[in-house]
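What follows is one structure encoded as structure tokens, with my remarks underneath.
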Amino acid sequence: ALRTAFGREGVSSEFQVRIAAVCGRIREPASVAFLVEQMGASDRSVRTQVLRALHLNEFRSEGVSIVDVRRLIREEVADIAWMLAALADVGEQKAVQLLRSALLRALEQGRERIFLLLSFLYDSTTVMRVKENLRHESSQQRAYALEVLHTTVSRDLEMILLPICESSDWTVGLAQLQPHFPQKRLLREERLRAILSGQELWMPPWVRMCSVRAISEMGDPGGLVNLALQDKSTLVRETAALALFRVDPEAFAKAAPTLRDDRSMIRAVEKIERWQEGGRTMLLTVEKVMILRSIRIFEGIPEDVLANLAEHITEVEIPAGEHVYEKGGMGRTMYVVVEGKLRVHDGAGTTFVYLGERDLFGELTTLDPEPHAATVSAEEDASLLGLDRDVLYELMSDHPEVLRGIIKVLIQRLRGKRQD
């Protein structure tokens, strides 16, 4: 059943990732065999989860699979070389900082896949210890990790792995990889086109979306927004529609009827048109991610993870004078204030605190299903982002730093009350 669901046409990569994670917990020969078939998945997010699941099953390569694993390692290093060249080509100006962050995140994911693949060929414990020590603050620990890598892997793999392990300076790694995986340098516009087209290397939707954002910031050199409007990912297409509106509102107005033919784009077009008319706009995914990045509890979460999270966040409009929730009511949603001002009070005349943009509330009853201890009302029209308990729990299971962030917020509030 899992095999059928995984291969069904139109299944999202997020669902395939979940299936791979389930297979990793089944720990049966048939499950492992299925995962081995998916090791070379073109979608790197799916491939990452497949390799994690195999590692969890203590998979060891043998026979033909040894050749496949070695081939995939070389493929991953080649991808890293391409991304290093992309970092050099896009530059370092402010407009591309989010894109650079996305590329570095994709690069780190590639490194993780390489070490997972190595764990199938060599002693798994040794390989994973090398991986962790390469990130150690101590130069001695890092040197020790490199020495272990030298004595563990075959010479041909060592030659291509050392450039991505020896130095944190990506320019050095690019130069060292050049003899093995030659990279042609491109103009920034050409590199952005290559990222969006995906003809040379598959890129995660978040990287492509960040490319569109950079293109918008730079005024759309070469008409690249139109290329992004043809992307397979709704996330990328809606960002491209927003970019077109910002760069050329008249062109967006002409393109709007065609964009509406795509059912997944109807809401995005409507949101942008509300913005165009001067009304309060609902947020596109990219705006949600930017807001979440500014919240303390999410500051350590990678942007691509936040992009997935943003798709499950609800947008709430609260007119002035109305309640978000009342004292004594049960709640399961944590809120972030996007715009407006809210008052936390006892339901009568006592005000505890006022909340403004980027403030967080409702996190305690989201974690612990108890009645609300106060009423929250809108002092003026307010826009909120709501995060359901189930979604929050799933995020915390993969990223415990979110829970630590919430605990810090609660402790700070308790200390503030004591000082009062």
Side-chain angles (χ1 to χ4, degrees), residues 9-14 42-45 82-83 86 89-91 93 95-103 106 186-277 279 281-291 303-304 306-308 310-311 313 315:
E9 185 177 353
V11 170
S12 68
S13 63
E14 183 179 357
S42 59
D43 186 320
R44 299 305 193 269
S45 60
W82 195 95
M83 286 185 278
D89 292 339
V90 299
Q93 69 184 81
V96 298
Q97 288 308 305
L98 190 60
L99 172 57
R100 291 182 64 83
S101 175
L103 285 169
L186 303 174
L187 296 175
R188 182 168 54 199
E189 178 185 325
E190 294 174 334
R191 182 61 71 177
L192 290 171
R193 185 180 297 277
I195 291 173
L196 288 173
S197 69
Q199 294 178 351
E200 296 181 40
L201 177 64
W202 181 91
M203 278 286 160
W206 175 251
V207 175
R208 304 199 302 274
M209 193 221 73
C210 291
S211 298
V212 177
R213 187 176 177 85
I215 290 165
S216 173
E217 294 289 329
M218 294 185 292
D220 189 19
L224 294 177
V225 167
N226 287 326
L227 174 61
L229 286 170
Q230 310 304 315
D231 199 277
K232 293 181 180 179
S233 167
T234 302
L235 174 65
V236 178
R237 292 198 304 276
E238 71 173 24
T239 307
L242 178 60
L244 182 61
F245 165 68
R246 287 175 170 168
V247 172
D248 191 343
E250 291 185 4
F252 170 79
K254 292 179 180 178
T258 301
L259 294 174
R260 280 198 185 88
D261 291 339
D262 179 353
R263 293 180 61 184
S264 65
M265 288 291 291
I266 293 175
R267 280 181 55 80
V269 173
E270 290 175 349
K271 292 175 185 179
I272 296 170
E273 287 178 337
R274 285 181 61 188
W275 196 351
Q276 193 173 27
E277 293 168 1
T281 182
M282 302 296 276
L283 298 167
L284 299 182
T285 301
V286 60
E287 272 72 34
K288 292 180 186 177
V289 172
M290 296 301 102
I291 290 169
E303 288 91 347
D304 56 331
L306 293 179
N308 290 331
E311 294 181 11
I313 284 178
E315 302 167 66

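Values in this document were obtained by computation on a predicted structure and should not be read as measured data.
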Can you sort out the partners of [X] under side-chain hydrogen bond (donor to acceptor under 3.5 Å, both in side chains), two or more places apart, ordered by chain and number?
X: Arg213; answer: none
X: Trp82; answer: Glu200
X: Arg191; answer: Asp89
X: Arg237; answer: Thr234, Asp262, Ser264

What distance separates [X] [atom1] from [Y] [atom2], expressed to the nearest 0.5 Å?
X: Trp206; Y: Thr239; atom1: CH2; atom2: OG1; result: 8.0 Å
X: Met209; Y: Leu242; atom1: CE; atom2: CG; result: 10.0 Å
X: Ser211; Y: Leu99; atom1: OG; atom2: CG; result: 4.5 Å
X: Ile195; Y: Leu103; atom1: CD1; atom2: CG; result: 5.0 Å
X: Asp231; Y: Met203; atom1: CG; atom2: CE; result: 13.0 Å

For [X], check side chain to side chain contact (heavy atoms under 4.5 Å, CB included) against everything at least two apart and list the hits.
X: Ala228; value: Leu196, Val212, Val236, Ala240
X: Ser197; value: Gln199
X: Asn226; value: Leu229
X: Asn308; value: none

Selection residues 241-260 - residue pairs positive for salt bridge (charged side-chain N to carboxylate O under 4.0 Å, His left out), sequence neighbours left out: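 Non-adjacent pairs meeting salt bridge (charged side-chain N to carboxylate O under 4.0 Å, His left out): Arg246-Glu287, Arg260-Glu273.
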Show which side-chain atoms of residues 214-222 pair as donor or acceptor with protein atoms under 3.5 Å away, not counting sequence neighbours.
{"unit_1": "Asp220", "atom_1": "OD1", "unit_2": "Leu224", "atom_2": "N", "d": "2.7"}
{"unit_1": "Asp220", "atom_1": "OD1", "unit_2": "Val225", "atom_2": "N", "d": "3.1"}

Under the salt bridge (charged side-chain N to carboxylate O under 4.0 Å, His left out) test, residues paired with Asp43 that sit two or more places apart: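 Testing Asp43 for salt bridge (charged side-chain N to carboxylate O under 4.0 Å, His left out), a comparison that skips the adjacent residues, returns none.
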What residues, two or more places apart in sequence or in another chain, satisfy salt bridge (charged side-chain N to carboxylate O under 4.0 Å, His left out) together with Glu303?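 Testing Glu303 for salt bridge (charged side-chain N to carboxylate O under 4.0 Å, His left out), a comparison that skips the adjacent residues, returns Arg293.
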Shortest non-hydrogen contact between Ala307 and Val289, atoms and distance: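 Nearest pair, atom of Ala307 first, then Val289: CA-CG2, 3.6 Å.
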Taking all non-hydrogen atoms of both residues, which atom of Val269 and which atom of Leu259 are closest, and how far apart?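 Minimum heavy-atom contact is CG2-CB, 3.7 Å.
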Go through the steps for Arg193 and Leu186 under the test side-chain contact (heavy atoms from CB on, under 4.5 Å), then give the verdict. CA-CA 10 Å; Arg193 185 180 297 277; Leu186 303 174; over 6 Å; no
Run the side-chain contact (heavy atoms from CB on, under 4.5 Å) check on Phe252 and Val247 step by step: do they pass? CA-CA 9 Å; Phe252 170 79; Val247 172; over 6 Å; no
Is Lys288 paired with Glu315 through a side-chain N to carboxylate O contact shorter than 4.0 Å?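 Yes, Glu315 and Lys288 are salt-bridged.
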Could you give me the CA-CA distance, side-chain angles and deciding distance for Val207 and Trp202, then say whether side-chain contact (heavy atoms from CB on, under 4.5 Å) is met? CA-CA 10 Å; Val207 175; Trp202 181 91; over 6 Å; no
